[in-house]
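Here is the structure we will look at.
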Amino acid sequence: MTFGTNPMNPLPGFRDFYPETLAVRRHIFDKWRDVARRYGFREYDGPPLEPLELYTQKSGDEIVGQLFNFVDKGERAVALRPEMTPTLARMVGPHHRDYKKPIKWFAIPQLFRYEKQQRGRLREHFQFNADIIGETDVSADAELIALAIDTLRSFGLTKDDFVVRVSDRLAWQRHLAATGITGEQQYAAFQAIDKLEREPEDKTREKLAAIGLSPSQIGEILDIARGGTVAVAPELDLVCLKLGSLFEYCQVDFKIVRGLAYYTGIVWEIHDRKGELRAIAGGGRYDNLLKQVSGVDLPALGFGMGDVVLGELLKDRGLLPKADWGLDCYVVIADEGLRAEALKLIHQLRDEGIAVDYAFTETKVGKQFQAASACGARYALVIGPDEWKSGEVKLKNLATGEERRLPAGAMELKGYIVERAIL
RNA sequence: GUGGCCGUAGCUCAGCCUGGUAGAGCUCCAGAUUGUGGAUCUGGCUGUCGCGGGUUCAAAUCCCGUCGGUCACCCCA
């Protein structure tokens with residue numbers, strides 16, 4: 001209640017979901033869940049609020065600046081979760097014996113960061129997370145990439161819309177280690193490589209020089225990043241091989257190293273082909289994280305795909321479905337004297353699982369039809385004296401305009417409305 | 001956190017430069033149309049002109065601050 005925050009607006013970076021936008025969100029979630037199910041992943045979830053230390057112990061204190069954190073009434077330092085992986089690592093550790101390996105789990109958490117918002121980046125978003133735990137073989141890396149590709153394909157996106165850029169930190173590590181760069185310096189080198197696309201080359205050279213690399217070593221690194229290959233990258237080669245025909249969605253790109261410190265092997269990002277948006281998805285292998293978080297030494301890998309950038313891409317490509325009530329039938333009460341009977345039939349139809357709506361008060365027939373089409377009902381069911389006398393009603397297909405008199409029984413009408421047998 | 005641009009009806013915006021206490025289109029509501037819809041026509045409702053302060057006889061308009069939005073930087077999901 002301090003500075004002019006208008007309670008009539010959502011907080012900065014937070015979204016209200018009106019029916020139209022919630023429909024978009026549900027469409028995205030439905031696809032995510034469906035593809036994950038087809039790949040044999042099980043859904044899990046954890047608390048949106050976590051101890052602050054869950055994030056600081058791994059990433060250092062500088063991450064606090066990005067966290068939505070505060071002190072609760074019990075004097076606990078807490079943070080809204082900025083990512084799901086630490087929670088997953090904590091959950092799996094103590095209970096991993098309850099599950100056969102590999103563990104394949106997914107979640108759709110709402111994640112939070114305290115940052116100034118801009119396009120594709122809010123203070124809150126939903127992210128599809130899929131992880132595989134307990135598998136060292138690169139087949140798992142390939143499977144995860146395949147899952148991400150199929151997820152995007154299920155929305156109607158094609159290889160003209162997006163590209164998976166695959167890289168390997170292990171290969172980079174070997175290369176850097178050969179030139180004497182390890183530990184902290186290695187991570188600094190990754191940070192410099194990660195920014196290659198957004199910074200002038202001179203600045204990258206400067207950063208690498210500061211780590212202690214010679215001009216020729218820097219030249220080597222830049223060559224690799226620009227499209228060359230690291231001599232020793234068998235894991236990456238194998239992943240590409242195992243992707244089979246799906247490799248046409250991919251390209252090897254050593255500029256990708258991912259910002260997070262905990263990645264250890266294959267890493268990848270998915271970008272839109274036009275390069276207009278932020279990364280659509282990103283992931284990789286983090287074989288040491290579980291041990292660090294939970295003490296249990298299990299290899300793991302995973303990826304995240306946010307709803308914001310994906311939603312923008314789908315909107316740009318015209319791939320979002322029209323918002324729909326899902327209403328089957330709008331009952332038009334043509335004579336107010338029949339309201340009681342109409343109501344009875346309406347409830348019988350609803351008992352049969354049919355989605356039915358109607359006007360609460362006496363309304364002109366024209367208005368009722370208007371309401372019927374406005375809410376996207378597939379059928380209008382007219383209840384009027386003419387038909388009712390002979391125990392009938394009139395069913396109209398609002399798309400085609402066809403009409404038919406039918407017996408006024410819920411079961412008979414169900415046959416026409418649900419199975420769309422006719423009309 | 002830093003910088004550029006922006007903030008007028010539910011929505012998109014005009015008006016601001018050259019101060020004289022608000023407009024259009026769409027949406028919404030009603031009627032034309034007392035048993036048939038998505039069209040058309042007519043009428044109607046809605047604004048503390050983001051908020052606070054200053055200059056002025058007078059501020060949507062000029063000045064300052066602030067909040068919010070947006071883009072870029074930083075950083076990354």
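Predicted model, so just to flag it, every value in this text is computed and none were measured. We name chains A, B, ... by the order of the sequence lines, and we start the count at 1 in each one.
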Any heavy-atom pair between the side chains of A/Q251 and A/V166 that's under 4.5 Å? no
Toward the 5' end of RNA chain B, which comes first, A/S373 or A/E124, by nearest nucleotide? A/S373
Pairwise P distance, B/G25 and B/C67 [rounded to whole Å]: 37 Å
pair_partner(B/C74), Watson-Crick or wobble, both distances < 3.5 Å, evaluates to none
Between P of B/G1 and CZ of A/F68, the distance in whole Å: 13 Å
Taking atom types as they are modelled, is there a donor-acceptor pair under 3.5 Å from the base of B/G37 to the side chain of A/K396? yes
Among B/G37, B/C76, B/G35, the one nearest any side-chain atom of A/Q191 is B/C76
Euclidean distance, atom CZ of residue A/R15 to atom C1' of B/U70 [Å, nearest integer]: 17 Å
Under a 3.5 Å distance rule, please check whether A/R339 uses its side chain to pair with a backbone N or O of A/T361 as donor and acceptor. yes
B/U27 and B/U12: how far apart are their P atoms, nearest whole angstrom? 15 Å
If you go through the side-chain atoms of A/Q370, does one of them form a donor-acceptor pair with the base of B/U36 closer than 3.5 Å? no
Categorize A/G304 for me: base, sugar-phosphate, or nothing, with a 4.0 angstrom heavy-atom threshold over every strand shown. nothing
Find the distance A/L111:CG to B/C75:C1' and express it as a whole number of Å. 16 Å
Distance between C1' atoms of B/G50 and B/C45 (Å, rounded): 23 Å
Using a cut-off of 4.0 Å on non-hydrogen atoms, how would the nucleic acid contact of A/K394 be classed: base, sugar-phosphate, or nothing? base
Answer with yes or no whether A/R121 presents, from its side chain, a donor or acceptor under 3.5 Å of a partner atom in the base of B/C71. no
Looking at every non-hydrogen atom in both residues, tell me the closest pair between A/K242 and A/D137 and how far apart they are. CE-OD1, 4.0 Å
So which nucleotide does B/U46 pair with, by the Watson-Crick or G-U wobble rule with both distances under 3.5 Å? none
Which one, B/U36, B/G37, B/C75, comes nearest to the side chain of A/L398? B/G37
Can you tell me the pairing partner of B/C62 across any strand shown, Watson-Crick or G-U wobble, with both distances under 3.5 angstrom? B/G54
Is a donor-acceptor contact shorter than 3.5 angstrom present between the side chain of A/E115 and the base of B/G1? no
From the list B/G35, B/G37, B/C75, which nucleotide is the closest neighbour of the side chain of A/K195? B/C75
With rounding to the closest Å, how many angstrom separate the P atoms on B/U61 and B/C17? 9 Å
Measure distances between side-chain N and O atoms of A/K364 and base N and O atoms of B/U34, and say whether any donor-acceptor pair falls under 3.5 Å. no
Rounded to whole Å, please give me the gap between CD in A/E362 and P in B/A30. 14 Å
From CH2 of A/W388 over to C1' of B/G35, roughly how many Å is that when rounded to an integer? 16 Å
Look at the aromatic rings of A/F128 and A/F303 and report parallel, tilted or perpendicular, splitting at 30° and 60°. perpendicular
May I ask which nucleotide in the shown strands pairs with B/G35, Watson-Crick or G-U wobble, both distances under 3.5 Å? none
Give A/G13 one of three labels, base, sugar-phosphate or nothing, depending on what nucleic acid heavy atoms sit under 4.0 Å from its own. sugar-phosphate
A/A334 side chain: which of B/C76, B/G35, B/G37 is closest? B/G35
Reckon A/L310 touches a base, only the sugar-phosphate, or nothing at all at heavy-atom distances under 4.0 Å? nothing
Under a 3.5 Å cut-off for both contacts, is B/G7 paired Watson-Crick or G-U wobble with anything, and if yes, with which nucleotide? B/C67
Would you mind classifying the nucleic acid contact of A/D386 as base, sugar-phosphate or nothing, using non-hydrogen atoms under 4.0 angstrom? base
Need the pair for B/C16. Rule: Watson-Crick or G-U wobble, both distances under 3.5 Å, any strand; none if unpaired. none
Measure OH/A/Y379 against C1'/B/U36 and give the value in whole Å, please. 17 Å
Classify A/G282 by what it touches in the nucleic acid, base, sugar-phosphate, or nothing, heavy-atom distance under 4.0 Å. nothing
B/C5 and B/G47, which share atom name P, separated by this distance in whole Å: 32 Å
Using a 6.0 Å distance limit plus a 45 degree cone around the ring axis, check whether A/R285 lies over the aromatic ring of A/Y263. no
Distance between the P atoms of B/A39 and B/C64, in whole angstroms? 48 Å
Of A/K255, A/R165, A/R278, A/R258, the one forming a side-chain hydrogen bond (donor to acceptor under 3.5 Å, both in side chains) with A/E269 is A/R258
B/G23 and B/G15, which share atom name C1', separated by this distance in whole Å: 8 Å
Would you say the base of B/C75 and the side-chain of A/R113 have a donor-acceptor pair closer than 3.5 Å? no
Roughly how many Å is it from CZ in A/F112 to C1' in B/C76, rounded to a whole number? 17 Å
Compute the ring centroids of A/Y249 and A/F162, then answer whether they are less than 6.0 Å apart. yes
Rounded to the nearest Å, what distance is computed from the CD atom of residue A/Q66 to the C1' atom of nucleotide B/C73? 13 Å
Taking only the side-chain heavy atoms of A/P12 (C-beta and beyond), determine which of B/G35, B/G37, B/G69 contains the nearest atom. B/G69
Quick one: does NZ or CZ of A/R123 land under 6.0 Å from the six-membered ring centre of A/Y114, within 45 degrees of the ring axis? yes
What's the gap between B/C51 and B/U18 when it is taken at their P atoms, as a whole Å value? 24 Å
